[in-house]
Structure formats: C-alpha cells, structure tokens
Peer 1: 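Right, I'll just put the structure down here and ask away after.
Hydrogens, waters and symmetry mates are skipped; everything else that's a heavy atom, side chains included, is used. So that the names make sense, note that chain A is the first sequence line, chain B the second, and so on, each numbered from 1. Source: prediction; values computed, not measured.
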Number of protein chains: 2
Amino acid sequence: MAREPETELPAEFFGPLDRSPGAVPLYVQIARKLEAAIATGTLVAGTRLENEVAMAKRIGLSRPTVRQAIQDLVDKGLLVRRRGIGTQVIQRPVARPVDLTSLYEDLEKSGNPPSTVVLSHRVEAADAETAERLGVPVGTPSLHLRRLRLVGSTPLALLHNVLPAPFTDITADELVSTGLYATLRSRGVVFSIAQQRIGAKAAEDSEAELLNIDPGSPLLTMNRTALDHSGDIVEWGDHCYRPDLYSFETTLISR
Amino acid sequence: MAREPETELPAEFFGPLDRSPGAVPLYVQIARKLEAAIATGTLVAGTRLENEVAMAKRIGLSRPTVRQAIQDLVDKGLLVRRRGIGTQVIQRPVARPVDLTSLYEDLEKSGNPPSTVVLSHRVEAADAETAERLGVPVGTPSLHLRRLRLVGSTPLALLHNVLPAPFTDITADELVSTGLYATLRSRGVVFSIAQQRIGAKAAEDSEAELLNIDPGSPLLTMNRTALDHSGDIVEWGDHCYRPDLYSFETTLISR
DNA sequence: TAGTGGTCTAGACCACATG
DNA sequence: ATGTGGTCTAGACCACTAA
C-alpha cells in the first residue's frame with residue numbers, strides 16, 4: 001500500500017521572496033508556488049517532496065513557516081503527509097470543495113452567467129419559525145426573498161432566503177445585478193461558518209411550474225444557515241435545484 | 001454587527017498538564033478542556049476568551065501551543081477569531097461536519113443500528129469505466145459490491161461499491177458484521193481524502209422495488225472516491241438514499 | 001493609543017516508519 | 001540507525017480594531 005517514489009528537489013523555482021511590509025505572508029507565497037507547480041505538472045502526482053527542514057533552509061525561511069505553507073496544501077487536499085515517510089503530492093487531482101459562495105458566483109466562474117428573477121421581496125415581522133431560524137426575537141422585521149435562477153432561458157433553481165434586521169433594505173435591483181452574497185460582502189459581512197443540509201424531495205406543483213419540470217419529479221434541496229465573523233446569523237436559505245443541472249461537490253479531509 | 005461581551009477569565013480549570021512522554025499533545029489537552037467548557041456551558045455562547053498571550057502565560061505554555069489549541073476549535077466551528085478584537089465562542093452550536101465515516105457508523109451512533117443485506121459480491125476484471133474510477137489498469141481484478149441498508153425492516157439505502165486489488169478478498173460476512181469502512185480500517189487503511197458529489201434523481205424500477213418506494217419518486221444520490229494516506233484510491237461508491245430517511249449535513253468554515 | 005490576533009524566527013526533542 | 005513529520009519553546013515585529 002505504501003508508495004515511495006524518489007525524492008524530487010525542485011530547483012530555485014522558489015523565486016525571490018517579498019519581505020516588504022504589507023506583502024502577502026511568506027507562507028502564502030510558498031504555498032502558491034507549490035500549488036502552481038502541482039497544477040502545471042512541475043510536481044508530478046505521487047512525487048515525494050523534499051523534507052521540511054531541508055526545504056526551509058534552502059528557501060531561507062524557518063521551518064514553521066514552510067510547515068504552515070505545506071499544511072495549507074494538505075488542508076486543500078493537494079498534499080499528504082506521513083510521519084516517518086514524507087510529504088507526497090496527492091495521486092488524483094481533487095475538485096475544489098464546497099465553499100461559502102453563492103450559486104451565482106459558481107456559475108459565473110464556469111463561464112455560464114445566469115440570470116435572476118425576483119419573484120417576491122417583502123419585509124415582514126418574524127413569526128415564531130423565522131425568529132428561530134434567524135435567532136432574533138419574534139416580531140423583528142426580516143426580509144423574505146424568493147428568486148428564480150436561470151441559465152439562459154432554462155430555470156435552474158428556486159431560492160428562498162430570509163435575512164435579519166440590518167439587511168432588510170437590500171433592493172431587488174441589487175439582487176439581480178450583484179447577487180445576494182456579493183451584496184452582503186459589499187456591506188461588510190465577513191462569512192465565517194455556514195451549516196448546510198442537503199436532501200431531495202418531489203417537486204410540488206408550484207415549484208414544478210416555475211422550474212419547468214413535471215410535478216412529482218425529483219428536486220435537490222439545500223437548507224443553509226450562514227453566520228458572519230461575529231457569530232450572528234446573516235442569512236437563512238431554503239433552496240431547490242433541478243438535479244439534471246446541479247449537484248454539490250465536497251472534498252473531505254480527514255483530521 | 002460587532003458584539004463584544006466582556007472578557008471571561010476561566011479559572012484554573014486548565015488542570016495539571018500531562019507532560020509525560022507519549023502523552024496526548026499539550027495543545028490537544030487544552031483544546032479538549034476548552035471544548036468541554038463550551039459544551040457544558042461554562043463558556044457561554046458569545047463569550048470573549050482571554051487573549052492568547054495571557055492565556056499561554058497563565059497556563060504555563062508557549063503562545064504557539066495555546067494558539068494551536070484555539071485554531072483547532074476554530075476549525076471545528078466552535079470559536080471565531082478576529083484580529084484586533086479577540087476570540088469568541090460561536091453564538092449558535094453547530095452540528096458535526098460530514099466526515100469520513102460510513103452510514104453504518106452514522107446510524108449506529110444515533111442508537112438506530114441498521115442491518116445490511118449483501119445483494120451481490122463479485123470479483124471482476126476492471127473494464128474501462130472501473131479502471132478509470134479506481135485509477136488502475138484495465139483488467140485488474142476488482143471487487144464489486146451491492147448492498148441494501150435497512151433500519152428495522154425499512155430499506156434506507158442502496159449501496160454500490162467498487163474496491164481495487166488489495167481488498168478483493170473482503171467477505172460478505174465481514175460486510176454484514178463490521179461494515180465496509182471499519183473493515184478497511186482494520187486492514188490498516190488510513191483515510192486521508194474523499195471526494196463526494198451529491199445529487200438527486202428519479203428512482204428506476206429496480207431501485208424502487210428494493211427500496212420499497214414508487215418508481216420515479218425522488219432519490220438522493222452520492223458518489224464518492226476515497227483515498228488512503230498514500231493517495232491510493234481505496235474505494236469508489238455510488239449510492240442512493242431514501243430522501244425521507246436520510247440527508248447530508250455539512251459545516252463550512254471560511255478560510 | 002492600546003490591545004488583539006497574524007506572522008515569523010532559530011532552535012530543540014519526540015514519535016514513527018523504514019532499512 | 002536513520003530520516004521523516006509532530007510537537008514545543010521563548011521570544012519578536014506587524015496589521016487591524018477600537019476607544
């Protein structure tokens with residue numbers, strides 16, 4: 001089961017380091033160079049890296065700094081480390097993990113910009129259920145959104161979001177032009193944690209009509225609670241996706 | 001948006017540290033104590049922790065060690081850190097993330113032990129598709145499994161797995177009594193990375209019959225490729241779940 | 001300005017896997 | 001016995017936030 005290709009000593013492709021104040025952290029600079037080397041094939045899958053101590057000395061950094069760079073890539077699923085063995089480039093390239101971005105950005109990146117229709121946009125006093133979801137007192141004003149996401153003229157997803165007080169003034173125009181997550185970020189929200197539950201269900205009549213599918217056909221569902229960096233709930237979402245057009249990818253790293 | 005409860009100085013609930021050789025790492029000892037304090041409510045949600053430097057000095061550890069303990073809990077979604085602000089206990093308790101365990105273990109933990117029926121168990125030479133999935137040459141022997149997972153007498157999931165050469169001698173009995181992942185671990189497999197894709201589809205006739213649902217009704221689907229600590233593919237899986245009985249939970253931590 | 005986490009150094013010893 | 005990553009120390013300076 002063990003595999004030990006011989007050590008590879010990449011030359012000084014660790015170019016000059018930028019140690020000026022305000023520069024990108026050194027460990028990030030190293031991590032990026034290693035990542036690029038893996039992406040371009042300079043570091044072939046399965047290659048064993050030079051050991052940490054030697055690499056640190058050769059680059060001119062302390063071992064903890066180099067170690068932090070390597071750990072970043074381990075967390076990304078690009079490298080694997082074993083005590084007593086060494087550090088290897090993972091055999092199979094892995095896809096990016098599910099991250100804290102919106103579907104809008106997902107598709108934009110893939111060169112297939114979607115459009116959005118705002119179906120409803122209301123500010124209401126929170127009922128018991130909404131209050132529980134947002135962690136606010138009953139009666140607090142909250143913004144309820146329903147949107148339809150399309151690729152070209154094909155409906156892709158039906159999005160239902162609820163947002164708490166500080167964001168009730170978000171306009172329908174903003175949502176169409178910028179997307180929900182980008183809008184929130186532009187207002188200073190820094191996302192820290194989100195909890196998702198992914199499931200499936202049969203399409204109800206109203207959902208089927210909006211998504212242009214048959215009633216009762218399968219839908220992929222996702223619920224999400226997103227928290228900002230101070231632990232406050234920023235958004236609660238309940239979404240349906242056409243499973244022929246969308247799925248969720250995750251990379252799991254064991255700890 | 002910012003919230004700043006006053007600093008909390010937990011007393012010497014950091015009991016004596018075990019510094020004997022072979023003991024649990026110091027940062028793990030600290031992390032566990034902090035985690036317990038959060039779980040029991042000694043550290044209330046929203047509480048701001050003592051700063052790293054002071055905590056390290058008081059406990060009698062170096063700052064990097066304490067910092068590593070805190071980082072562990074940040075990665076678990078229990079704490080949030082902000083430069084210039086401090087470290088806070090997260091407001092809302094989070095569920096455990098999807099991890100590298102099997103459905104068997106998931107349900108066992110929830111006190112609802114499932115049963116397993118092995119529907120088929122064959123060793124075959126890998127065709128092109130299997131070879132691609134397992135990253136082995138065409139023609140390599142591989143074990144093809146189909147299992148039905150039940151809770152009581154209710155079918156829950158239909159599991160299809162393919163395993164490469166070193167594991168083709170796993171028996172049906174092992175699978176029923178131990179579960180696939182536990183069997184692999186007992187053979188020395190250390191999981192490192194897995195890639196999953198979660199989607200939905202309509203149940204085919206054969207699937208519907210086995211799962212005791214109507215043909216065409218929605219199914220939750222999951223594909224997974226699991227790699228061991230040396231980057232070799234250990235298992236490829238293609239599973240269907242009854243969406244009324246199962247869903248996937250994930251906690252996303254922003255980086 | 002004061003206080004926080006973020007980064008970095010230059011070492012050290014330990015645990016584990018291999019030959 | 002050797003070489004690897006895992007842990008740990010005791011400091012330092014920087015970047016960001018708040019008052």
Peer 1: OP1, OP2 of C:dT9 versus side-chain N and O of A:Arg19: anything below 4.0 Å?
Peer 2: yes
Peer 1: Starting at CZ of B:Arg48 and ending at C1' of C:dT4, how long is that distance when rounded to a whole Å?
Peer 2: 8 Å
Peer 1: What does B:Pro64 touch in the nucleic acid at a heavy-atom separation under 4.0 angstrom: a base, only the sugar-phosphate, or nothing?
Peer 2: base
Peer 1: Mind calculating the distance between CG (A:Asp72) and P (C:dG6) to the nearest angstrom?
Peer 2: 13 Å
Peer 1: Given atom CD1 of B:Ile30 and atom C1' of D:dC8, what is their separation to the nearest angstrom?
Peer 2: 13 Å
Peer 1: Just checking A:Phe191 against A:Tyr181, ring centres under 6.0 Å apart?
Peer 2: yes
Peer 1: Whole angstroms only, please: what is the CG-P distance between A:Leu26 and D:dC13?
Peer 2: 17 Å
Peer 1: Cut-off 3.5 Å, side chains only: do A:Gln68 and A:Asp72 have a donor facing an acceptor?
Peer 2: no
Peer 1: Quick one: which of D:dG5, D:dT7, C:dC8 gets closest to the side chain of A:Ser62?
Peer 2: C:dC8
Peer 1: Nearest-Å distance, NE2 (A:His229) to P (D:dC16)?
Peer 2: 14 Å
Peer 1: If you pin B:Gln68 and B:Gly84 to their nearest nucleotides in DNA chain D, which one's is more 5'?
Peer 2: B:Gln68
Peer 1: Select one nucleotide: of C:dT9, C:dT18, D:dA15, the one nearest the side-chain heavy atoms of A:Leu61.
Peer 2: C:dT9
Peer 1: Both B:Val24 and A:Ser20 contact DNA chain D. Which one's nearest nucleotide lies toward the 5' end?
Peer 2: B:Val24
Peer 1: Under the side-chain contact (heavy atoms from CB on, under 4.5 Å) test against A:Ile170, which residue among A:Asn161, A:Leu184, A:Val123 passes?
Peer 2: A:Leu184
Peer 1: Give the rounded distance in Å between these two atoms: CD of B:Glu52 and P of D:dC8.
Peer 2: 16 Å
Peer 1: Provide, to the nearest angstrom, the distance between the CD atom belonging to B:Glu50 and the P atom belonging to C:dG5.
Peer 2: 10 Å
Peer 1: Take A:Gly60 and B:Ile70, find for each the nucleotide of DNA chain C with the closest heavy atom, and name the residue whose nucleotide sits nearer the 5' end.
Peer 2: B:Ile70
Peer 1: Closer than 4.0 Å, any side-chain N/O of A:Thr65 to the OP1 or OP2 of C:dT7?
Peer 2: no
Peer 1: Salt-bridged, B:Arg133 to B:Asp238, with N to O below 4.0 Å?
Peer 2: no
Peer 1: Ignoring backbone atoms, test whether A:Arg82 places a side-chain nitrogen or oxygen under 4.0 Å from the OP1 or OP2 oxygen of D:dT4.
Peer 2: no
Peer 1: Rounding to a whole Å, what distance do you find between B:Ile59:CD1 and D:dA10:C1'?
Peer 2: 16 Å
Peer 1: Given the structure, check if the side chain of B:Arg63 and the base of C:dG6 hold any donor-acceptor pair shorter than 3.5 Å.
Peer 2: yes
Peer 1: So, does A:Arg67 get its side chain near the phosphate of D:dG6, meaning an N or O under 4.0 Å from OP1 or OP2?
Peer 2: yes
Peer 1: Can you name the closest pair of heavy atoms from B:Ile253 and B:Lys76 and give their distance?
Peer 2: CD1-C, 4.3 Å
Peer 1: Relative to the 5' end of DNA chain C, which residue comes earlier, A:Val28 or B:Ala23, by the nucleotide with the nearest heavy atom?
Peer 2: A:Val28
Peer 1: Going by the rule salt bridge (charged side-chain N to carboxylate O under 4.0 Å, His left out), which residues pair with B:Glu52 if we only count those two or more places apart in sequence or in a different chain?
Peer 2: B:Arg63, B:Arg67, B:Arg81
Peer 1: Would you say C:dT4 has OP1 or OP2 under 4.0 Å from some side-chain N or O of B:Thr87?
Peer 2: no
Peer 1: With a 4.0 Å cutoff (strictly under), does any side-chain N or O of B:Asn51 reach OP1 or OP2 of C:dG3?
Peer 2: no
Peer 1: Would you say B:Tyr27 places a side-chain N or O within less than 4.0 Å of OP1 or OP2 belonging to D:dT7?
Peer 2: yes
